[in-house]
Number of protein chains: 2
Amino acid sequence: MRIGQLAQQAGVDIQTIRFYERQGLLPPPNREDNGYRTYKADHADKLLFIRRCRSFGMSLEEIGVLQSYQEQPQQPCVAINELLDRHIAQVRNQIASLQVLENQLMTLRGCCDNERQNLDCGVLSGLLGGDKPFS
Amino acid sequence: MRIGQLAQQAGVDIQTIRFYERQGLLPPPNREDNGYRTYKADHADKLLFIRRCRSFGMSLEEIGVLQSYQEQPQQPCVAINELLDRHIAQVRNQIASLQVLENQLMTLRGCCDNERQNLDCGVLSGLLGGDKPFS
DNA sequence: GCTTGACCCTATATATACTACATGGTTTTT
DNA sequence: AAAAACCATGTAGTATATATAGGGTCAAGC
């Protein structure tokens with residue numbers, strides 16, 4: 001399988017595959033005489049693993065760590081679960097921060113009725129910080 | 001006021017101030033004979049405006065747009081409010097995406113009891129995609 | 001007068017996860 | 001044989017800073 005076929009199969013850009021190879025997440029494939037990369041099913045599996053982890057919001061670094069766990073089948077899987085727990089905690093922190101932010105933005109939004117000049121806009125005043133609507 | 005003083009006053013890194021200047025968000029200040037930047041209160045105000053917008057999660061590009069509105073005091077402020085509304089919508093989308101992600105991660109987390117070898121880890125299996133726990 | 005330390009300058013590299021482009025070689029199709 | 005499609009490398013761009021290298025300036029103390 002050449003790179004274009006692998007890319008299409010996995011729904012990934014060709015550049016992305018080469019990028020993962022440079023990052024050490026995909027092992028360097030064999031090359032044809034002309035220098036073209038040739039992939040086997042194993043590469044496709046690894047690529048799908050990466051994409052699946054990415055769809056869960058994991059960083060490439062975290063994915064690399066997971067790969068190293070995969071290569072140690074006998075080790076206890078506590079480390080994997082801890083990695084996932086940390087990731088979940090991180091996602092929850094992000095959500096919480098964004099919810100705080102949303103509230104602040106709503107308060108700010110409530111400072112203007114949309115019918116003024118920029119000079120008197122409550123939103124702009126709020127951003128300028130003269131009269132702070134936030135505690 | 002020199003750059004270090006401004007930085008301390010605003011709680012910002014010196015590099016960040018120079019960065020904002022390069023990005024066109026802070027006007028180039030006057031220079032002393034030795035080339036040192038000298039700032040006035042106006043610059044401090046503009047810097048605080050930027051930081052306040054940043055704390056609301058706005059991009060530097062959005063901040064630049066807001067600055068241009070500021071310079072047109074007579075214009076109706078609808079545009080400002082629309083910018084804010086778009087930003088709020090974006091934040092809400094982010095929250096929604098992250099909540100979906102959190103649920104998926106929790107489901108994945110439920111696939112393992114933490115007491116196995118990596119080989120049999122339910123989380124790792126889930127990530128490998130053999131048996132899909134997600135609809 | 002000279003050193004030390006604090007401050008300032010520019011330019012470049014780093015981080016993330018890709019994407020896009022320039023330039024050129026190879027294969028496949030028409 | 002020519003054209004389209006594919007592949008290769010290397011570089012640069014995205015966003016928002018932070019960090020580092022290598023150097024100039026200035027005030028105080030010895």
Side-chain angles (χ1 to χ4, degrees), chain A residues 1-26 28-40 43 46-67 86-87 90-91 93-94 97-98 101, chain B residues 1-26 28-39 43 46-67 86-87 90-91 94 97-98 101:
Chain A
M1 188 169 32
R2 305 220 272 222
I3 197 171
Q5 214 181 331
L6 178 61
Q8 198 177 15
Q9 195 180 94
V12 167
D13 197 296
I14 287 179
Q15 315 273 30
T16 302
I17 294 175
R18 291 197 276 246
F19 173 70
Y20 288 157
E21 183 182 331
R22 275 203 304 284
Q23 298 306 115
L25 290 176
L26 278 177
N30 289 329
R31 301 283 188 136
E32 296 175 19
D33 289 346
N34 50 24
Y36 288 13
R37 292 169 175 83
T38 53
Y39 295 96
K40 300 185 200 136
H43 284 102
K46 288 200 160 105
L47 180 54
L48 286 175
F49 176 75
I50 296 170
R51 295 306 325 193
R52 188 170 292 253
C53 290
R54 288 291 299 133
S55 78
F56 282 114
M58 292 173 188
S59 71
L60 298 188
E61 192 184 348
E62 285 173 319
I63 295 171
V65 172
L66 283 177
Q67 284 180 339
R86 280 195 300 277
H87 185 57
Q90 200 183 312
V91 169
N93 281 339
Q94 273 187 61
S97 301
L98 285 171
L101 180 60
Chain B
M1 187 170 32
R2 304 220 270 223
I3 197 171
Q5 215 181 331
L6 177 61
Q8 197 177 16
Q9 196 181 93
V12 167
D13 197 296
I14 288 179
Q15 314 274 31
T16 302
I17 295 175
R18 291 198 276 247
F19 172 69
Y20 289 157
E21 183 183 332
R22 276 202 304 283
Q23 299 305 116
L25 290 175
L26 279 177
N30 290 329
R31 301 282 189 137
E32 297 175 20
D33 290 346
N34 51 24
Y36 289 13
R37 291 168 175 82
T38 53
Y39 296 96
H43 284 101
K46 289 200 161 104
L47 180 54
L48 287 175
F49 176 74
I50 296 171
R51 294 310 309 189
R52 188 170 292 254
C53 290
R54 288 291 298 134
S55 78
F56 282 114
M58 292 173 188
S59 70
L60 299 186
E61 192 184 348
E62 285 173 319
I63 295 170
V65 172
L66 283 176
Q67 284 180 339
R86 279 194 301 277
H87 185 57
Q90 201 184 311
V91 169
Q94 272 187 61
S97 301
L98 285 171
L101 180 60

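Sequence lines set the chain letters: A, B, ... in the order given, protein chains first and strands last, and positions in each chain run from 1.
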In Å, rounded to the nearest 0.5 Å, how long is the span from [atom1] of [X] to [atom2] of [Y]?
X       : Y       : atom1 : atom2 : answer
B/His43 : B/Asn30 : NE2   : CG    : 7.5 Å
B/Glu21 : B/Tyr39 : CD    : OH    : 5.0 Å
B/Leu47 : B/Leu6  : CG    : CG    : 5.0 Å
A/Ile50 : A/Gln23 : CD1   : CD    : 10.5 Å
A/Arg37 : A/Arg31 : CZ    : CZ    : 4.0 Å

Does the pair B/Lys46 and B/Leu25 meet the rule for a side chain to side chain contact (heavy atoms under 4.5 Å, CB included), with working shown? CA-CA 8 Å; B/Lys46 289 200 161 104; B/Leu25 290 175; over 6 Å; no
Using a 4.0 Å cut-off on protein heavy atoms (strictly under), produce a 5'-to-3' string for nucleotides 2-13 of chain D with B for base contact, S for backbone-only sugar-phosphate contact, and - for none. ----BSSB----
Measure from CD on B/Glu21 to P on D/dT16 and round the result to the nearest Å. 18 Å
Estimate the overall bend of the helix from C/dG1-D/dC30 to C/dT30-D/dA1 from the end axes over five pairs each, rounded to 10 degrees.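 Axis angle across the helix from C/dG1-D/dC30 to C/dT30-D/dA1, nearest 10°: 40°.
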Give a yes or no on whether a salt bridge exists between A/Glu62 and A/Arg86, defined as a side-chain N under 4.0 angstrom from a carboxylate O.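 Looking at A/Arg86 together with A/Glu62, the answer is no, because their closest N to O distance does not fall below 4.0 Å.
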Hey, is the main chain of [Y] close enough, under 3.5 Å, to the side chain of [X] for a donor-acceptor pair?
X       : Y       : value
A/His87 : A/Phe56 : yes
B/Thr38 : B/Glu32 : no
A/Arg54 : A/Met58 : yes

Assuming nearest nucleotide by heavy-atom distance, tell me which of B/Ile50 and B/Glu32 is located more 5' along DNA chain D.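 Closest to the 5' end, via its nearest nucleotide, is B/Ile50.
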By nearest nucleotide on DNA chain C, pick out whichever of A/Met58 and B/Tyr39 is the more 5' one.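 Here B/Tyr39 is the residue nearer the 5' end.
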Can you give me the first and the last nucleotide of DNA chain C (5' to 3') that has an atom within less than 4.0 angstrom of a non-hydrogen atom in chain B?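 The contact span of chain B on DNA chain C goes from C/dC7 to C/dT10.
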